[in-house]
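Source: prediction; values computed, not measured.
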Amino acid sequence: MFIKRSLPAHLHPCLLLVFTSALLEIAFVARGDVGTASHYTPPYQPTECYGGDPSQFPSSNLFAAAGDGVWDNGAACGRQYLVRCISASKSGTCIPERTIQIKIVDYALSSSSAAVASKQSVTGATLVLSQTAFGAIANSSVDSINVEFQQV
């Protein structure tokens, strides 16, 4: 004899929410690129994308300079990315489950930009985050972190 068991009706929406959340997390991980992020200090102008225009910066101060892997001959200017810290050389550095959205405003390797290599905590990073952006996803006592990022 076969007995059919089903979940109570009030649990169906909960399971749907859990399943949907899991799929969104998998989608973010599966589509994201992995790289490194460092940080740089003010002043943040001039930038390679917008020169000395102060309106280029989002009010949240969550912005970055793009390294060679993201720069795309300047096409990265204005692009938005979701970024999260995934690891660092020092345990406890990443702020768990924290994802931020940043705007690309500069080229990290241009001698005419504010993100010139001498102002970066580490050169050669995929993204060079503003101090605010870096501190939002990691303990800012480290110079570099490993990040996952995805264009939005």
Side-chain angles (χ1 to χ4, degrees), residues 13-152:
C14 294
L15 287 175
L16 181 60
L17 179 62
V18 169
F19 182 70
T20 303
S21 296
L23 283 178
L24 288 174
E25 183 66 23
I26 291 168
F28 180 76
V29 172
R31 291 186 178 164
D33 290 316
V34 175
T36 57
S38 63
H39 55 87
Y40 67 123
T41 57
Y44 297 116
Q45 293 175 317
T47 68
E48 196 68 27
C49 295
Y50 306 102
D53 180 8
S55 68
Q56 69 185 302
F57 301 106
S59 59
S60 64
N61 285 320
L62 300 177
F63 57 88
D68 276 337
V70 174
W71 181 242
D72 195 16
N73 292 320
C77 291
R79 285 184 186 158
Q80 305 268 334
Y81 289 90
L82 295 175
V83 181
R84 71 180 182 116
C85 179
I86 55 173
S87 67
S89 60
K90 182 178 173 186
S91 100
T93 297
C94 294
I95 298 174
E97 307 303 320
R98 176 79 54 91
T99 300
I100 59 170
Q101 185 169 330
I102 56 102
K103 176 184 176 183
I104 300 297
V105 298
D106 207 351
Y107 178 40
L109 304 175
S110 170
S111 61
S112 63
S113 80
V116 68
S118 63
K119 291 181 61 180
Q120 298 172 29
S121 59
V122 173
T123 57
T126 309
L127 296 169
V128 182
L129 304 171
S130 66
Q131 285 182 319
T132 302
F134 193 90
I137 58 173
N139 178 333
S140 56
S141 65
V142 298
D143 291 332
S144 178
I145 56 176
N146 296 312
V147 293
E148 184 174 62
F149 60 100
Q150 175 185 350
Q151 186 177 345
V152 291

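With a 4.5 Å cut-off on side-chain heavy atoms, N139 and I145 do not count as touching. Within the 4.5 Å cutoff, no side-chain heavy atoms of D143 are placed close to those of F134.
Of the possible polar contacts, one joining the D106 side chain to the E48 backbone as a donor-acceptor pair under 3.5 Å is found. Checked by atom type and distance alone, the side chain of Q120 pairs as donor or acceptor with a backbone atom of A108 at under 3.5 Å. Side-chain N or O atoms of R84 include none that pairs as donor or acceptor with a backbone N or O of I137 at under 3.5 Å.
What you find for A125 and T36 is that their closest heavy atoms are CA-OG1, 3.3 Å. Contact record, A136 with I100: CB-CG2, 3.9 Å, taken as the closest heavy-atom pair. When all heavy atoms are compared, the tightest approach of Y50 to T47 is N-OG1, 2.9 Å.
Evaluation of the side-chain hydrogen bond (donor to acceptor under 3.5 Å, both in side chains) rule for T123 yields no partner, not counting sequence neighbours. Residues meeting the side-chain hydrogen bond (donor to acceptor under 3.5 Å, both in side chains) test with S89, sequence neighbours left out: none. The side-chain hydrogen bond (donor to acceptor under 3.5 Å, both in side chains) test applied to Y107 returns D68, not counting sequence neighbours. Checked against side-chain hydrogen bond (donor to acceptor under 3.5 Å, both in side chains), Q45 has no partners two or more places apart in sequence or in another chain. With sequence neighbours excluded, the residues forming a side chain to side chain contact (heavy atoms under 4.5 Å, CB included) with S60 are P58, L62, listed by chain and number.
Taken from CG in L129 to CD1 in I102, the straight-line distance is 6.5 Å, to the nearest 0.5 Å. The NZ atom of K103 lies 13.5 Å from the OH atom of Y81; values are rounded to the nearest 0.5 Å.
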Decide yes or no on side chain to side chain contact (heavy atoms under 4.5 Å, CB included) for F149 and T126, but give the supporting numbers first.
-> CA-CA 10 Å; F149 60 100; T126 309; 3.7 Å; yes
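Ring planes of F57 and F63: tilted class, angle from 30 to 60°.
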Taking only distance into account, with no hydrogens and no angle test, what donor-acceptor pairs under 3.5 Å do side-chain atoms of residues 70-80 form with protein atoms, sequence neighbours excluded?
| unit_1 | atom_1 | unit_2 | atom_2 | d |
| --- | --- | --- | --- | --- |
| D72 | OD2 | R79 | NH2 | 2.9 |
| R79 | NE | A75 | O | 3.4 |
| Q80 | OE1 | Q101 | NE2 | 3.0 |

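Residues S87 and N146 bring a donor and an acceptor atom of their side chains to less than 3.5 Å of each other.
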